[in-house]
Amino acid sequence: SCCSYLANAFSASAGLSKQQVQAILNDVPVYAVTQPDKEGIILVEEDGNKNQIAYFFFNPETANAVFAPLRQKEGLDSWNVNQFQLGLVWFELFKGDASKDIEYRLVPDSKELQAARQILDPNGVDPSLFSEAYDKVPIFVDQSLRVTGQDGKKKFPMYFSLQDLLESCQRANEGYKPEVNVADFCNLVEQMQADDAENDFNNVVLVPPTIMLVKGDDDSSRISADLPEDAPFETPTATENWD
């Protein structure tokens, strides 16, 4: 299992309920191109695919860039990029019965896919797991990193961005050299719900990627993706053990 390296992080536990997993996932925003009235997501047709395709992205700028050629071709400039909760999208659309004629795709940032392959290859793991441009979403973790929740309890952070993980480790302990592992998002969600889960995922927190919004040719600002005000993590700490 791609999650087997977490086996020592927490004691074994019964899997989480769908509602519990959805609540964890809902801290992560995803973005889709929608019609101006927000009544529907723009669907794309693909040669050789009988289904229409709906794309969700982790960065609104990526959504804009991917759909720019189609917008230009259709002569439409009034489409919107809207934010959705990952948990709701995942269980209602990707795993639900929303429509059998629509294929839903989750698109990670290409640089995160490249980072995941580079991490897996030296470790003797087949990097082809992250060779596709969609649906295989890498999650980056350091086994020793913890974040302090608002309840004062230590939580185990899992990052959609490698750079965010590395920066958290440096803030926690300057000079600390993280041991980065990679998991696949889909497999991770399955592991969270498994009756024979190897880990207790109650204290896991998914950290959404920091995104770059370009304001002009030379002016860009690095901002965190929108989260509820009660986002469940605050201060990162790094240790050399599992305690």
Side-chain angles (χ1 to χ4, degrees), residues 2 18 21-22 24-117 120 126-140 159-162 182-193 206 208-214 225-226:
C2 71
K18 172 186 172 182
V21 176
Q22 181 170 328
I24 293 174
L25 269 56
N26 275 347
D27 281 335
V28 180
V30 290
Y31 304 87
V33 176
T34 64
Q35 299 174 6
D37 54 14
K38 297 184 180 181
E39 289 186 357
I41 296 171
I42 299 298
L43 301 176
V44 179
E45 295 183 351
E46 184 179 71
D47 291 340
N49 191 338
K50 65 179 181 179
N51 296 325
Q52 293 181 303
I53 303 168
Y55 286 95
F56 289 87
F57 304 85
F58 290 94
N59 189 323
E61 293 293 337
T62 305
N64 267 323
V66 169
F67 275 81
L70 183 59
R71 287 187 179 192
Q72 187 174 26
K73 178 181 178 182
E74 299 294 332
L76 298 173
D77 296 321
S78 58
W79 294 349
N80 298 325
V81 176
N82 285 295
Q83 177 178 303
F84 301 86
Q85 292 177 313
L86 176 57
L88 182 64
V89 166
W90 183 255
F91 284 107
E92 296 298 323
L93 298 182
F94 283 78
K95 297 301 179 180
D97 297 321
S99 175
K100 296 299 184 183
D101 299 322
I102 300 177
E103 178 182 336
Y104 295 95
R105 294 180 177 177
L106 191 59
V107 184
D109 192 303
S110 59
K111 72 175 183 294
E112 307 302 346
L113 290 171
Q114 182 180 7
R117 292 193 296 267
L120 292 176
D126 184 3
S128 64
L129 173 64
F130 297 109
S131 61
E132 299 293 333
Y134 58 88
D135 287 352
K136 294 298 183 181
V137 178
I139 302 293
F140 302 94
Y159 293 79
F160 285 85
S161 165
L162 174 61
V182 186
D184 169 55
F185 169 75
C186 183
N187 290 342
L188 177 66
V189 174
E190 292 178 357
Q191 181 73 12
M192 286 181 175
Q193 296 179 277
L206 290 179
T210 297
I211 58 177
M212 288 287 290
L213 293 185
V214 178
D226 293 336

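Since this is a predicted model, take the numbers as computed values, not measurements.
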Next on the checklist: Quick one about T34 and N80 (side-chain donor to acceptor, distance below 3.5 Å, no hydrogens or angles considered), yes or no?
Outcome noted: no
Checklist entry - Roughly how far apart are S161 OG and E112 CD, rounded to 0.5 Å? => result 4.0 Å
Checklist entry - Considering all heavy atoms of both residues, which atom of L162 and which atom of A115 are nearest to each other, and what is their separation? => result CD2-CB, 3.6 Å
Checklist entry - Between CD1 of I53 and CD1 of I102, what distance do you get to the nearest 0.5 Å? => result 11.0 Å
Checklist entry - Are side-chain heavy atoms of F185 and V28 found at a separation under 4.5 Å? => result no
Checklist entry - Do F84 and W90 have ring centroids that are under 6.0 Å from one another? => result no
Checklist entry - Taking C-beta and beyond as the side chain, do T62 and Y31 meet within less than 4.5 Å on heavy atoms? => result no
Next on the checklist: With a 4.5 Å cut-off on side-chain heavy atoms, are V21 and V189 touching?
Outcome noted: yes
Item to check | No-hydrogen, no-angle side-chain donor-acceptor test under 3.5 Å, E103 and N49 | outcome: yes
Checklist entry - Is any NZ, NE, NH1 or NH2 atom of the basic residue among R105 and E46 found under 4.0 Å from an Asp or Glu carboxylate oxygen of the other? => result yes
Item to check | K136 vs L129, side-chain contact (heavy atoms from CB on, under 4.5 Å): CA-CA, chis, key distance, verdict | outcome: CA-CA 7 Å; K136 294 298 183 181; L129 173 64; 4.1 Å; yes
Checklist outcome for this item: dist E61:CD -> N64:CG (nearest 0.5 Å) comes out at 5.5 Å
Checklist outcome for this item: CG of N187 to CD1 of I139, rounded to nearest 0.5 Å, is 11.0 Å
Checklist entry - Any side-chain heavy atom of F94 sitting closer than 4.5 Å to one from F56? => result yes
Checklist entry - Heavy-atom distance under 4.5 Å between the side chains of P138 and L113, does that happen here? => result yes
Checklist entry - Centroid-to-centroid, F58 to F160, below 6.0 Å? => result yes
Item to check | Shortest non-hydrogen separation from I41 to A54 and the atoms involved | outcome: CG2-CB, 4.1 Å
Item to check | Side-chain heavy-atom pair F67, V81 within 4.5 angstrom cut-off | outcome: no
Item to check | Minimum heavy-atom distance L206-L188, with the two atoms named | outcome: CD2-CD2, 4.3 Å
Checklist entry - Between CD of Q22 and NZ of K95, what distance do you get to the nearest 0.5 Å? => result 14.0 Å
Checklist outcome for this item: Heavy-atom closest pair (V30 atom, L106 atom, distance to 0.1 Å) is CG1-CD1, 4.2 Å
Item to check | F130 side chain near D184 side chain, heavy-atom distance below 4.5 Å | outcome: yes
